[in-house]
Every structure is written in structure tokens, then in C-alpha cells.
Peer 1: 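The structure is given below, and queries will be raised subsequently.
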Amino acid sequence: MARIVVVGAGVGGLATAARLAATGHQVTVFEAADTVGGKLGRYAHDTPAGPFHFDTGPSLLTLPEVFHDLFEATGAKLDEYLDLVPLDPIVRHVFPGGPTLDSCADPVEFTTRIGAALGDRAAADWQRLWRRAERVWRASERDILRRPVDSPRDLASLAWRLGDLAAIAPGRTLRGLGRGHLSDPRLRMLLDRYATYTGADPRRAPAALVAVPYAELAFGGWYLRGGLGTLADALLTRCLDLGVVVQTDATVTRIDATGGRVHGVRLAGGAAPVPADVVVANVDALTVYRDLLPHPGRLAGLTDRSLAGFVLLLGVSGSTGLAHHTVFFPDDYDAEFDAVFGNPGRGVRARPAVDPTVFVTVADDPMVRPAGHEAWFVLVNAPRHGSAAGAVDWRRPGLADAYADRILEVLARRGVDVRDRLLFREIRTPADLGAATGAPGGSIYGTAGGLLRPANRGPANGLWLVGGSAHPGGGLPMVTLSAQIVADEIGPAW
């Protein structure tokens, strides 16, 4: 039996803790916040009409088998803890000037919808891209997503089939893949948006990210009744039932790793060091190597940060009839990416996009809003918080309120004006996310996309990394797979 400390009670940390405890280890989780969940955050707002509840992080669960596997590995059934609701549409796409296109988990039906909305040629283009995406997904799942990848050599040494290698197209961007396969600019816009799932610019993101829409559209998108935050509750319950000790309001300030191996962690407040044989860090890799270890040699590549998000939480009276997820695209998508990422090499500073893509989540769930009302989660791609050329100082007085006004104006221009129906609005900037979760600058996904993330295996014996900033990447299923990789590598106590 190993004494294992997990730093951070996000989904990756809790999933790792549950798996390790189920195989006989002694596990303690330290979480700096006063609650668990990490970026799977929640917010409640009381009004005379009744309470509103919001997910402030992920709003969609994909690859449900990953979560079924997690709960079964810890001696439980997912359905005993969570109520999964399939979504159709998964996302409603509203293009500039129309039309709309509803995605779904039936590839034949989705192709039919593309044909009806965008024409037969667009449908045929999508079918061709879909066949390629399937090859990329199969190869990625088999060789990358469920195994450790510690360096570029690991990727280079994989016995890729020639057809898989051609589909993955090393060196090609997702934007280039879309232009090569999709004649309709609106369908290319739809594909580009999946780069933002990894926090990246589609003009720089690898073509292999075509596997992301395949995973979503082949296996479906799901909502958890009561909100996605119920996943954190379920994982916490599993951990406690398995004997994991979970301490909130406990900030780890240092990972002790002298002599090439970990010895434990140090907590804020002058408490005695906590000994450990293994430390699993469920915090951003940049924070691990810059602040907790520190290990300057590992900082290379970690400063290319992913995009962040600017969020509005709205209490809306009446019904608007929106789908669970709706994306309102701008006229000029490239202008948005130019703004969000800037171009530090040319001295072009990042800035809030003037005409951004707006992603709206409205759950048809009486558990999250009073009768006759809607709880809106509104997300806009945004530069990270900071003072560098690729960041924005979101603490600047007046900026957040002015940009919130701007987003509501953009929604009104795109046909959804709720300004006279708001009971309240709450704003969450990248600076707020950074402060709440310890994500440097509020970057949602750590580094800005790509196939190679920081390795799960740390530079000291007994140190492991899980979560969205580590291999295999961001998003609930990838984070949960990172926990499986790490738990498998550590191995059972017996």
C-alpha cells in the first residue's frame, strides 16, 4: 500500500483518487477551494421567483463509456449516481445570415440535415471528411488516448498504419483540412470551432483534431439532470465510500522532491509536511513546474497558453425556445481569433473580440431554474488574463461590464434580445477563473492545443500529472482518461 497525495479535487484528481483507493492504496486529496470539482464549477443565485443554478464550466458530457468504465472500476454503476439525458440537437449552429444546422449523434441523419440546410454538395463533402475523421479517431484512441505519451519520441515510434498516418496528416492544420474537404464556408466554420475545444486557433491547431467532432457526433452529447456539477458530487461520494480522505481549504504550496523522488507535500499555514510515496498533481502543469516543484527545465512550451472564456450567467424571465446548446457565429471568424490570440511576435496585443462567436447553454431542466424562467450560461472565447501582449487585464475598471453589455448587444443583433427580460446577470472573466481554479491567466485548457501535452509522468520518481493541462488533453472524457492512465501506471497495492 502506497501513501498517495492528490493535489487538487477536480475531475482528474477525484477520478484518480477513486481508482487508486479501489485498488488498495491510502489516498488523501488536498483541495485549495472550499468545494470540489475544479473547473466543473457551479453557482447558485436566489431570486423572489426562486433559485437559479448554473454550471460555470463544462456543459456537455461526451464519450459516456469513459465514465461507465470509471465507475465500474471503482465498484459502482454510473446510473446509480447520475441521470444522463441524450441531447438532440447536441448543438444548434446559427450561421451569419442563416440558416441553422442542428448536430446529432446519428451520422446519417446529420448528413441529411447538412444537405437540407447547406445543399447536397456540402453533405457529400461532410461524408468524405467523416470517413477521414473516423480513421483519425480509431488511431488516436488505440495508440494515444489510453496510454502514456512522455515525449515526441513516443509518438514517432508508434507503428502507425500508412492509411492512419495519411489521415492524421502531421504538419497540416485543422483549418487546412477543412479547406481541403469542405466547399461550404459555413461547414468550415463549424469544423473550426472544434479547435476551441482544446483552446487552440484552428489556423494553428493540428488536423488530427478532426477526431474531436467525430467523438462528439459518433457517441453523442449528454446532459446530467441537475447540471454537470453532479458529476463532481458523484465522484466525491465514490471517493469517500472508498476511504479517500478529502480536505478542502487546504492549499499545497510545495511538492517535496529531493534526490529525484517525491517525499510528500507542504501545506499553507505552517502545518507539518505531509509524507507521501506518490504525489498526483491535478493542477495546471505550468503551476506544477513553476510554483510547486519548481522545475524550470520543464517550463518550455508551457507558456503558449490556451484561450480563456468570458462568461455571463443570466436569469431570464419567460421562454426563448433555444436549444440546449446554441452557437451564434460571427461574420468574420478570423477577426475573432486575431483578437483572442493576438500576435505577440508582431507586437499585436490580444483584445476582447468585437463581434465574437457566442455560445449559449439553456438547460430544459426544472432542477436548475424556477418555473417560467431560463438559466442562461453564455460563453465567449477570450484572451487569458495578464499583462503580456497575448493577454488582457480583465481587472481593468469597467472592462468586464462594458464587454458584458457588448455581448448582449451582439445577441440582440443575432435575433435573441433578452436585455429587457433579465432578472440578474453575473460576470465571470478569465481573471475570475484563474483565481478560482489556479489556472494561470484563466486559460481553460493549459497549453494551446496540439497532440503532445505535458507528460503524465513527472520528472521525479513518484510524481504524476493528471487533468486538462496534461496528456491526453482537456475536456471531461480526456481528463478522466488521464486519471485512468496514471492509476494504471501506479498500479494496484496488491
Peer 1: Is the backbone N or O of Asp334 less than 3.5 Å from a side-chain atom of Asp332, with the two atoms forming a donor-acceptor pair by type?
Peer 2: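 Side chain of Asp332 to backbone of Asp334, a donor-acceptor pair under 3.5 Å: yes, one is there.
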Peer 1: Provide the closest heavy-atom pair for Thr100 versus Ala117 in the form atom of the first, atom of the second, distance.
Peer 2: O-CB, 3.7 Å
Peer 1: Could you walk me through whether Leu84 and Leu224 pass side-chain contact (heavy atoms from CB on, under 4.5 Å), step by step?
Peer 2: CA-CA 5 Å; Leu84 275 70; Leu224 302 181; 3.6 Å; yes
Peer 1: Run the salt-bridge test on Arg113 and Glu109 with the 4.0 Å N-O cut-off and return the result as yes or no.
Peer 2: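 Looking at Arg113 and Glu109, the cut-off is met.
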Peer 1: Inspect the contact between Arg395 and Asp432 and indicate whether a charged nitrogen and a carboxylate oxygen are less than 4.0 angstrom apart.
Peer 2: yes
Peer 1: How far apart are the closest heavy atoms of Pro213 and Leu191, and which atoms are they?
Peer 2: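 Closest approach of Pro213 to Leu191: CG-CD1, 4.1 Å.
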Peer 1: For Asp291, enumerate each residue passing the salt bridge (charged side-chain N to carboxylate O under 4.0 Å, His left out) test, keeping only those at least two apart in sequence or located in another chain.
Peer 2: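 Partners of Asp291 under the salt bridge (charged side-chain N to carboxylate O under 4.0 Å, His left out) test: none.
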Peer 1: Which pair of non-hydrogen atoms, one from Tyr445 and one from Gly475, has the smallest distance, and what is that distance?
Peer 2: CE2-N, 4.3 Å
Peer 1: Rounded to the nearest 0.5 Å, what separation is found between the OG atom of Ser443 and the CG atom of Leu286?
Peer 2: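 Going from OG on Ser443 over to CG on Leu286, the span is 9.0 Å.
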Peer 1: So, does Arg238 use its side chain to make a donor-acceptor pair with the main chain of Thr74 at under 3.5 Å?
Peer 2: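 Between the backbone of Thr74 and the side chain of Arg238 there is a qualifying donor-acceptor contact (under 3.5 Å).
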Peer 1: What's the verdict on ring pair (Phe, Tyr, Trp, His ring centres under 6.0 Å) for Phe71 and Phe67, showing C-alpha distance, side-chain angles and the deciding distance?
Peer 2: CA-CA 6 Å; Phe71 278 79; Phe67 302 93; 8.1 Å; no
Peer 1: How would you list, by chain and number, every residue that makes a ring-ring contact (aromatic ring centres under 6.0 Å, His included) with His181, sequence neighbours excluded?
Peer 2: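 ring-ring contact (aromatic ring centres under 6.0 Å, His included) check on His181 returns nothing, list empty.
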Peer 1: Decide if atom CZ of Arg421 counts as having more than 12 heavy atoms of other residues, nucleotides or ligands within a radius under 6.0 Å.
Peer 2: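 Yes, because the 6.0 Å sphere around CZ of Arg421 holds more than 12 heavy atoms from other groups.
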Peer 1: Taking atom CE of Met189 and atom CG of Leu182, what is their separation to the nearest 0.5 Å?
Peer 2: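 The distance works out to 12.5 Å.
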Peer 1: Measuring from atom CG of Leu379 to atom CD1 of Ile444, what distance do you get when rounded to the nearest 0.5 angstrom?
Peer 2: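 Answer for the CG-CD1 pair, Leu379 versus Ile444, is 6.0 Å.
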Peer 1: Please determine whether ring pair (Phe, Tyr, Trp, His ring centres under 6.0 Å) holds for the pair Phe110 and Trp130, giving the CA-CA distance in whole Å, both sets of side-chain angles, and the decisive distance to 0.1 Å.
Peer 2: CA-CA 11 Å; Phe110 186 43; Trp130 185 256; 7.7 Å; no
Peer 1: May I ask you to decide whether Asp192 forms a salt bridge with Arg175, counting only side-chain N to carboxylate O separations under 4.0 Å?
Peer 2: yes
Peer 1: Just verifying a value: how many Å separate His385 NE2 and Arg305 CZ, rounded to the nearest 0.5 Å?
Peer 2: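 It is 13.5 Å, given to the nearest 0.5 Å.
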Peer 1: Check Asn282 against Gly13 and note the closest heavy-atom contact, atom names and distance.
Peer 2: OD1-N, 2.8 Å
Peer 1: For Arg225, give me all partners under side chain to side chain contact (heavy atoms under 4.5 Å, CB included), at least two apart in sequence or on another chain.
Peer 2: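 For Arg225 the side chain to side chain contact (heavy atoms under 4.5 Å, CB included) partners, ignoring immediate neighbours, are Asp83, Val85, Asp365, Met367.
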Peer 1: Between Asp338 and Arg203, does any NZ, NE, NH1 or NH2 come within less than 4.0 Å of an OD or OE carboxylate oxygen?
Peer 2: yes
Peer 1: Answer yes or no: is there an ion pair linking Arg406 with Glu409, defined by an N-O contact shorter than 4.0 Å?
Peer 2: yes
Peer 1: For the residue pair Thr447 and Leu302, what are the closest heavy atoms and their distance?
Peer 2: CG2-CA, 3.8 Å
Peer 1: Show your working on side-chain contact (heavy atoms from CB on, under 4.5 Å) between Glu216 and Val91 and close with a plain yes or no.
Peer 2: CA-CA 10 Å; Glu216 179 179 299; Val91 178; 4.2 Å; yes
Peer 1: Give a yes or no answer on whether the side chain of Tyr403 reaches the backbone of Ala353 with a donor-acceptor pair at less than 3.5 Å.
Peer 2: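 Present.
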Peer 1: Could you tell me which residues satisfy salt bridge (charged side-chain N to carboxylate O under 4.0 Å, His left out) with Asp69, sequence neighbours excluded, listed by chain and number?
Peer 2: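 By the salt bridge (charged side-chain N to carboxylate O under 4.0 Å, His left out) rule, Asp69 matches no residue at all.
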Peer 1: Could you list the residues that satisfy ring-ring contact (aromatic ring centres under 6.0 Å, His included) with Phe95, not counting sequence neighbours?
Peer 2: Phe329
Peer 1: Please check if the side chain of His325 supplies one atom and the backbone of Ser59 the other of a donor-acceptor pair under 3.5 Å.
Peer 2: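 Confirmed, His325 side chain pairs with Ser59 backbone.
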Peer 1: Restricting to side chain to side chain contact (heavy atoms under 4.5 Å, CB included), what partner residues turn up for Leu423, sequence neighbours left out?
Peer 2: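 If we apply the side chain to side chain contact (heavy atoms under 4.5 Å, CB included) test to Leu423, skipping adjacent residues, the hits are Thr47, Ala49, Phe52, Ser317, His373.
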Peer 1: Relative to each other, are the rings of His45 and Tyr43 parallel, tilted or perpendicular (30° and 60° limits)?
Peer 2: tilted
Peer 1: State, to 0.1 Å, how close Ala350 and Phe341 come at their nearest heavy-atom pair, and which atoms those are.
Peer 2: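 In terms of heavy atoms, the two residues are closest at CB-C, 4.2 Å.
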